[in-house]
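Below: the structure, in structure tokens.
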Amino acid sequence: MFLYYYDNVRHEPMNDFFYRVHEVVMQIPVGKVTTYGTIARHIGAGRSARTVGFALNAVADDDRIPCHRVVNRNGELSGKMHFATPTRMRELLEAEGIEFNGERVKMERHFWEP
DNA sequence: CGGCTGACTGCGA
DNA sequence: TTCGCAGCCAGCC
């Protein structure tokens with residue numbers, strides 16, 4: 001358990017939606033990716049995929065949480081504009097051995113489900 | 001309370 | 001296969 005803040009507010013780990021999103025993201029293995037919808041379902045909020053993206057935005061600068069390993073259902077890097085540079089997300093993934101097919105991650109090879 | 005905004009998704013065409 | 005659209009719901013006024 002680590003201290004957990006954003007917007008200067010302390011959130012309660014077991015009840016907080018954002019915290020639960022981050023807990024799952026931290027478990028994604030190197031070389032794997034998962035999707036917004038998968039995370040939403042896993043924490044029992046199956047229809048809140050968009051809010052999962054919002055939760056990642058809150059910790060974009062936190063290197064404990066590998067936001068770059070979360071992509072959309074098609075394997076596209078829909079969140080790349082929220083990184084320091086437009087190519088940063090892809091660079092991080094490729095450095096971990098993730099392979100692409102054009103603009104998309106090869107999901108059949110790298111998809112990971114909690 | 002009510003309205004608006006997304007790093008989304010499933011489904012029909 | 002790809003595209004458009006309507007749902008969705010936590011946060012933040």
Side-chain angles (χ1 to χ4, degrees):
Chain A
M1 197 69 74
F2 61 88
L3 292 179
Y4 186 73
Y5 295 84
Y6 56 84
D7 294 338
N8 296 317
V9 174
R10 181 172 187 283
H11 293 262
E12 294 304 321
M14 302 315 288
N15 301 316
D16 184 73
F17 181 90
F18 280 23
Y19 180 88
R20 293 169 72 166
V21 169
H22 302 159
E23 279 279 284
V24 177
V25 173
M26 286 188 290
Q27 294 173 43
I28 305 173
V30 173
K32 293 289 181 182
V33 299
T34 194
T35 74
Y36 303 97
T38 301
I39 292 170
R41 284 194 301 276
H42 185 72
I43 65 177
R47 299 166 208 156
S48 303
R50 307 184 73 176
T51 312
V52 170
F54 195 62
L56 295 185
N57 198 31
V59 290
D61 298 325
D62 191 333
D63 59 14
R64 295 170 301 187
I65 303 177
C67 303
H68 60 283
R69 296 184 194 142
V70 185
V71 301
N72 73 14
R73 73 172 193 270
N74 298 134
E76 298 161 330
L77 310 189
S78 50
K80 64 181 179 183
M81 18 290 205
H82 296 274
F83 287 76
T85 69
T87 54
R88 180 67 177 163
M89 187 175 184
R90 179 157 181 157
E91 289 164 1
L92 288 169
L93 290 171
E94 291 184 328
E96 297 179 351
I98 301 284
E99 300 163 285
F100 287 74
N101 197 330
E103 295 295 297
R104 299 178 178 182
V105 170
K106 291 185 180 178
M107 295 302 271
E108 66 280 5
R109 258 182 93 79
H110 301 293
F111 177 66
W112 174 83
E113 184 156 13

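Here is the naming used below: chain letters follow the sequence lines, and residue numbers restart at 1 for every chain. This is a predicted model, so every value here is computed, not measured.
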Considering only heavy atoms and no angle criterion, is a donor-acceptor pair shorter than 3.5 Å present between the side chain of A/Arg47 and the base of C/dG7? no
Rounded to the nearest angstrom, tell me the gap between atom [atom1] in [X] and atom [atom2] in [N].
| X | N | atom1 | atom2 | result |
| --- | --- | --- | --- | --- |
| A/Glu103 | B/dA7 | CD | C1' | 16 Å |
| A/Asn74 | C/dC3 | CG | P | 10 Å |
| A/Arg73 | C/dT1 | CZ | P | 12 Å |
| A/Phe17 | B/dC8 | CZ | C1' | 11 Å |
| A/Arg41 | B/dT9 | CZ | C1' | 9 Å |
| A/Asn72 | B/dT9 | CG | P | 6 Å |
| A/Asn57 | B/dT5 | CG | P | 17 Å |
| A/Phe18 | B/dA7 | CZ | P | 11 Å |

Ranking A/Ser48 and A/Arg104 by the position along DNA chain C of their nearest nucleotide, the one closer to 5' is A/Arg104
Between A/Lys80 and A/Arg88, is there a side-chain heavy-atom distance shorter than 4.5 Å? no
If we only count heavy atoms from C-beta on, is the A/Trp112 to A/Val33 side-chain gap below 4.5 Å? no
Among C/dG11, C/dC8, B/dA7, which nucleotide has an atom closest to any side-chain atom of A/Arg50? C/dC8
Closest listed nucleotide, where the reference is the side chain of A/Asp16 and the choices are B/dA7, B/dG10, C/dG11: C/dG11
Member of A/Arg109, A/Met107, A/Glu103 meeting the side-chain contact (heavy atoms from CB on, under 4.5 Å) criterion with A/Val105: A/Met107
Among A/Val52, A/Thr38, A/Val70, A/Ile43, the one residue meeting side-chain contact (heavy atoms from CB on, under 4.5 Å) with A/Val24: A/Ile43
When all nucleic acid strands are considered with a 4.0 Å heavy-atom cut-off, which category describes A/Thr51: base, sugar-phosphate, or nothing? base
Paired with C/dG4 by Watson-Crick or G-U wobble geometry, both distances under 3.5 Å: which nucleotide is it? B/dC11
Does the pair A/Glu96/A/Arg69 count as a salt bridge with the N-to-O cut at 4.0 Å? yes
